[in-house]
Amino acid sequence: MTVIENGAVDLRLVPTRTTRHEFHRQIARLERELSASLVSLDPARRPLAKPSPTAQPHLLSDAELESTRDALVARLGEIEALLVRQSADRDQARALLKRMSDAPAEYRWVTVTTKETGDEGCRTWQSVPVMGPVGILGNWWRIRMSSGCP
């Protein structure tokens with residue numbers, strides 16, 4: 001039986017065939033998790049693909065399988081950190097939009113888009129003066145929402 005702790009496999013009492021099977025199973029699971037995480041990440045935040053160090057097809061040794069698994073674990077950690085940052089940025093944009101709607105004069109000319117909030121569509125909210133230059137002088141501001149995509 002294989003023991004897994006923190007992504008590492010205890011290989012002391014495991015036959016080679018079972019070890020290879022366990023590595024393949026872990027790599028497949030990590031690749032599924034990585035692809036699911038990449039799909040939920042904003043395309044602009046996705047890291048560039050890293051080229052594979054092996055240029056020729058061959059069967060991987062146990063050490064190569066282990067290093068592949070460890071690289072996937074590290075990459076999955078990076079993607080999860082990006083997802084956490086993306087979620088925090090979206091929450092901040094939604095909070096800014098809420099504050100803007102409560103006090104538009106305090107957020108003059110500030111713009112928030114649906115891309116920043118993580119919503120579908122292409123609306124834009126902006127704090128603008130009510131009557132142009134007269135509104136600026138009178139400190140009359142409102143939130144204008146765009147009608148959608150151009």
Side-chain angles (χ1 to χ4, degrees), residues 2-11 20-58 60-150:
T2 305
V3 178
I4 301 174
E5 289 185 21
N6 297 333
V9 179
D10 184 6
L11 303 176
R20 292 183 63 78
H21 174 72
E22 184 65 25
F23 279 136
H24 285 291
R25 189 185 66 74
Q26 290 177 9
I27 289 170
R29 179 183 54 83
L30 288 168
E31 285 178 339
R32 280 191 307 272
E33 290 177 13
L34 184 63
S35 64
S37 296
L38 280 171
V39 166
S40 58
L41 191 62
D42 186 33
R45 293 178 182 255
R46 289 182 190 156
L48 297 175
K50 298 175 184 173
S52 175
T54 57
Q56 306 240 350
H58 67 284
L60 298 176
S61 67
D62 287 348
E64 290 172 318
L65 286 171
E66 184 176 9
S67 68
T68 300
R69 184 212 46 211
D70 294 344
L72 284 171
V73 167
R75 184 141 189 230
L76 185 61
E78 293 170 5
I79 299 300
E80 287 175 352
L82 289 173
L83 281 170
V84 167
R85 181 66 189 157
Q86 173 180 288
S87 177
D89 289 346
R90 288 179 175 178
D91 290 342
Q92 288 177 355
R94 287 187 195 106
L96 174 61
L97 183 59
K98 174 73 172 121
R99 290 191 312 268
M100 280 174 56
S101 62
D102 291 343
E106 294 177 17
Y107 297 94
R108 297 175 181 177
W109 306 109
V110 174
T111 303
V112 177
T113 63
T114 53
K115 184 177 180 181
E116 294 170 350
T117 61
D119 298 329
E120 293 294 322
C122 49
R123 290 181 307 245
T124 302
W125 295 270
Q126 185 177 22
S127 179
V128 295
V130 175
M131 295 171 42
V134 175
I136 293 173
L137 294 173
N139 202 23
W140 303 326
W141 294 82
R142 66 183 171 110
I143 300 298
R144 183 183 66 197
M145 184 180 80
S146 71
S147 60
C149 298

Evaluate side chain to side chain contact (heavy atoms under 4.5 Å, CB included) for R85 paired with R45, printing each intermediate quantity in order.
-> CA-CA 10 Å; R85 181 66 189 157; R45 293 178 182 255; 3.9 Å; yes

Side-chain (R20) to main-chain (L60) donor-acceptor, under 3.5 angstrom = yes

Would you please test T113 and R123 for side chain to side chain contact (heavy atoms under 4.5 Å, CB included) and show each step?
-> CA-CA 6 Å; T113 63; R123 290 181 307 245; over 6 Å; no

Show your working on side chain to side chain contact (heavy atoms under 4.5 Å, CB included) between E120 and T114 and close with a plain yes or no.
-> CA-CA 7 Å; E120 293 294 322; T114 53; over 6 Å; no

Determine, for R46 against D42, whether the closest basic-nitrogen to carboxylate-oxygen distance falls under 4.0 angstrom.
-> no

Pair R25 + E22, salt bridge at N-O below 4.0 Å | yes

Does R94 come within less than 4.0 Å of D89, counting only side-chain N to carboxylate O?
-> no

So do M100 and Q126 actually touch side chain to side chain, heavy atoms under 4.5 Å?
-> no

Side-chain donor or acceptor of S87 paired with backbone N/O of V84 under 3.5 Å = no

Supply the atom-to-atom distance T124 OG1 to E116 CD, rounded to the nearest 0.5 angstrom.
-> 8.5 Å

Look only at the side chain of R69 and the backbone of I27, and say whether a donor-acceptor pair between them is shorter than 3.5 Å.
-> no

Show the numbers, then the answer: is there a side chain to side chain contact (heavy atoms under 4.5 Å, CB included) between V110 and W125?
-> CA-CA 8 Å; V110 174; W125 295 270; over 6 Å; no

To the nearest 0.5 Å, how far apart are OG1 in T68 and CD in Q26?
-> 12.0 Å

Heavy-atom closest pair, residues C122 and S146 = O-OG, 3.9 Å

CD (E31) and CG (L76) are apart, to the nearest 0.5 Å, by 11.0 Å

Between CH2 on residue W109 and CD1 on residue I136, distance to nearest 0.5 Å = 5.0 Å

Measure across P47 and L41 and return the closest heavy-atom pair with its distance rounded to 0.1 Å.
-> CD-CD2, 4.2 Å

Going by heavy atoms in the side chains, are R108 and N139 under 4.5 Å from each other?
-> yes

For E33, all residues meeting salt bridge (Lys or Arg N to Asp or Glu O under 4.0 Å), sequence neighbours excluded | R29

If you count the non-hydrogen atoms of other residues, nucleotides and ligands that lie under 6.0 Å from CE in M145, is the total more than 12?
-> yes

Under 3.5 Å, is there a donor-acceptor pair between the side chain of Q86 and the main chain of S40?
-> yes

Nearest-0.5 Å distance that lies between atom CG in L72 and atom CD1 in I79 | 11.0 Å

Sub-3.5 Å donor-acceptor pair from the side chain of E80 to the main-chain atoms of G77, do we have one?
-> no

OG of S127 to CD1 of I143, rounded to nearest 0.5 Å, is 4.5 Å

Which atom pair, heavy atoms only, marks the closest approach of S101 to K98?
-> OG-O, 2.8 Å

